[in-house]
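Before we start, here is the structure in question, set down as structure tokens.
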Amino acid sequence: VASIATAISLPQFIAIGLSFFFALLVHRSVREGLRKLAETVEAPVWDRLFRTARLISLPIAWVIGLWLSLLILGGFGQMTGLVRLFASLLNAWVIIRIAATVIRNHAAANAFSWIAWTLAALNAIGQLDPLIRWMANQRIESSTVNVSLWDTVQGLIITGFMLWIAFAIAKLTQLKLDRASVLNTSMRVLVVKILRIVLVIIALLIGMRSMGIDLTALAFFSGALGIGIGLGLQRTVGNLVAGFTMLADRSIKPGDVIE
């Protein structure tokens, strides 16, 4: 932070402002062109790519202006630290937004982009390592749990990633089974549901383990869950099991009406 403060100068602010004005002009023209081009295609993947291109056209144009400013300022012997920092952060944003195109959910893609960019920004100003050390010192300790705040953050990231993989595998399996003629509709639904449940449980266990939680503590939870089912959830669990049973014995299929 101190190095950034000493690198601030008026010519750099002027260069950043002029570069942004140039980027706005380019962005408006590019955005309009991409909008017209997007109207000519209907495939979802192209729509997602065009949307991402519209989002990153402004930072790309700004980065180009900043790198030109670096050349000009460097040629006149001016300080360039602040301009270089802005350019690096914008480069990181562009790369992250492009990587986020593989995430179909718009909200999840935005969340991934902002979290990743925030980490990149903290690293650029030299504050990421101190933040990690501070989170590692904030701990919860007991006989079965020894978890720090940093372990929790890592666990949540790993859990989210594993859940994304689990749902992606389940979706891919569903698409494959929909094209297959070996299984009927009921069995396809049953296989996908069981696979999704198993994958989600595995993802959650991996996430909990990555946090440092002793999984043997789940034995107590399983006993409490069994008591809860025995006392008040018999009908709910029975209906769930009955649904799987009816799908398995092919007595009904999705779309049937039960009166």
Query raised in the report: Is any side-chain heavy atom of S148 less than 4.5 Å from a side-chain heavy atom of N137?
Result: no
Query raised in the report: Nearest 0.5 Å, what's the CD1-CD1 distance between I56 and I96?
Result: 12.0 Å
Query - L89 backbone acceptor or donor facing W117 side chain under 3.5 Å - result: yes
Report task. Hey, could you give me the CG/CZ distance between L128 and R133, rounded to the nearest 0.5 Å? Result -> 9.5 Å
Query raised in the report: With the 4.5 Å side-chain cut-off for hydrophobic clustering, are L204 and L156 part of the same group?
Result: no
Report task. Mind jotting down which residue pairs meet the salt bridge (charged side-chain N to carboxylate O under 4.0 Å, His left out) criterion with at least one end in residues 146-169? Sequence neighbours excluded, please. Result -> R139-D151
Query raised in the report: Do any pairs count as a side-chain hydrogen bond (donor to acceptor under 3.5 Å, both in side chains) and have a residue in residues 160-171, sequence neighbours left out, and if so which ones?
Result: none
Requested in this report: Output all residues satisfying side chain to side chain donor-acceptor pair (under 3.5 Å) with N123, sequence neighbours left out; order by chain, then residue number.
Outcome: none
Query - Closest non-hydrogen atom pair between V30 and S57, with its separation - result: CG1-CB, 3.8 Å
Query raised in the report: Listed by chain and number, what are the side chain to side chain donor-acceptor pair (under 3.5 Å) partners of R196, not counting sequence neighbours?
Result: none
Query raised in the report: Taking all non-hydrogen atoms of both residues, which atom of T80 and which atom of G74 are closest, and how far apart?
Result: CG2-N, 4.1 Å
Query raised in the report: Minimum heavy-atom separation for A170 to V192, with atom names?
Result: O-CG1, 4.3 Å
Query raised in the report: Would you say the side chain of L18 lies within less than 4.5 Å of the side chain of I14, judging by non-hydrogen atoms?
Result: yes
Report task. Provide the closest heavy-atom pair for A124 versus L85 in the form atom of the first, atom of the second, distance. Result -> CB-CD1, 3.8 Å
Report summary line: Between the CD1 atom in I115 and the CD1 atom in I157, the distance rounded to the nearest 0.5 Å is 7.0 Å
Report task. With sequence neighbours excluded, tell me which residues meet salt bridge (charged side-chain N to carboxylate O under 4.0 Å, His left out) with R31. Result -> none
Report summary line: Sorted by chain and number, sequence neighbours left out, side chain to side chain donor-acceptor pair (under 3.5 Å) with W150 holds for Q154
Query - I72: hydrophobic cluster co-members (side-chain, 4.5 Å) - result: F76
Query raised in the report: Is there a path from V63 to I98 through hydrophobic residues (I, L, V, M, F, W, Y) whose side chains come within less than 4.5 Å of each other?
Result: no
Report summary line: Interatomic distance, CE@M79 vs CG@L10, rounded to 0.5 Å, equals 10.0 Å
Report summary line: Value for CG (L122) from CD (Q127), rounded to nearest 0.5 Å, stands at 7.5 Å
Query - Pairing residues for W114 by the ring-ring contact (aromatic ring centres under 6.0 Å, His included) criterion, not counting sequence neighbours - result: W93
Requested in this report: Report yes or no: does Q12 contribute a side-chain atom to a donor-acceptor pair with the main-chain N or O of G81 at less than 3.5 Å?
Outcome: yes
Report summary line: Sorted by chain and number, sequence neighbours left out, ring-ring contact (aromatic ring centres under 6.0 Å, His included) with F167 holds for none
Report summary line: From the list I169, I165, I194, side-chain contact (heavy atoms from CB on, under 4.5 Å) with L199 holds only for I169
Requested in this report: Drop me the distance from L163's CG to I158's CD1, to the nearest 0.5 angstrom.
Outcome: 12.0 Å
Report summary line: Shortest non-hydrogen pair, P59 vs V94, comes out as CB-CG2, 3.9 Å
Requested in this report: Any side-chain hydrogen bond (donor to acceptor under 3.5 Å, both in side chains) involving residues 61-71? Give me the pairs, sequence neighbours left out, ordered by first then second residue.
Outcome: S19-S69
Report summary line: T159 meets the side chain to side chain donor-acceptor pair (under 3.5 Å) criterion, sequence neighbours left out, with none
Requested in this report: Could you tell me whether the side chain of N110 reaches within less than 4.5 Å of the side chain of R97, counting heavy atoms only?
Outcome: yes
Query raised in the report: Do V200 and I202 belong to the same hydrophobic cluster, where Ile, Leu, Val, Met, Phe, Trp and Tyr are linked whenever their side-chain heavy atoms lie under 4.5 Å apart, directly or via other members?
Result: no
Report task. Treating Ile, Leu, Val, Met, Phe, Trp and Tyr as nodes and any side-chain heavy-atom pair under 4.5 angstrom as an edge, say whether I64 and F20 lie in one connected cluster. Result -> no
Query raised in the report: Given the rule that I, L, V, M, F, W and Y join up when any side-chain heavy atoms are under 4.5 Å apart, are L68 and V83 in one cluster?
Result: no
Query raised in the report: What's in the same ILVMFWY side-chain cluster as F21, cut-off under 4.5 Å, chained through other members?
Result: L25
Query raised in the report: Which heavy-atom pair separates F22 from A61 by the least distance, and what is that distance?
Result: CE2-O, 3.7 Å
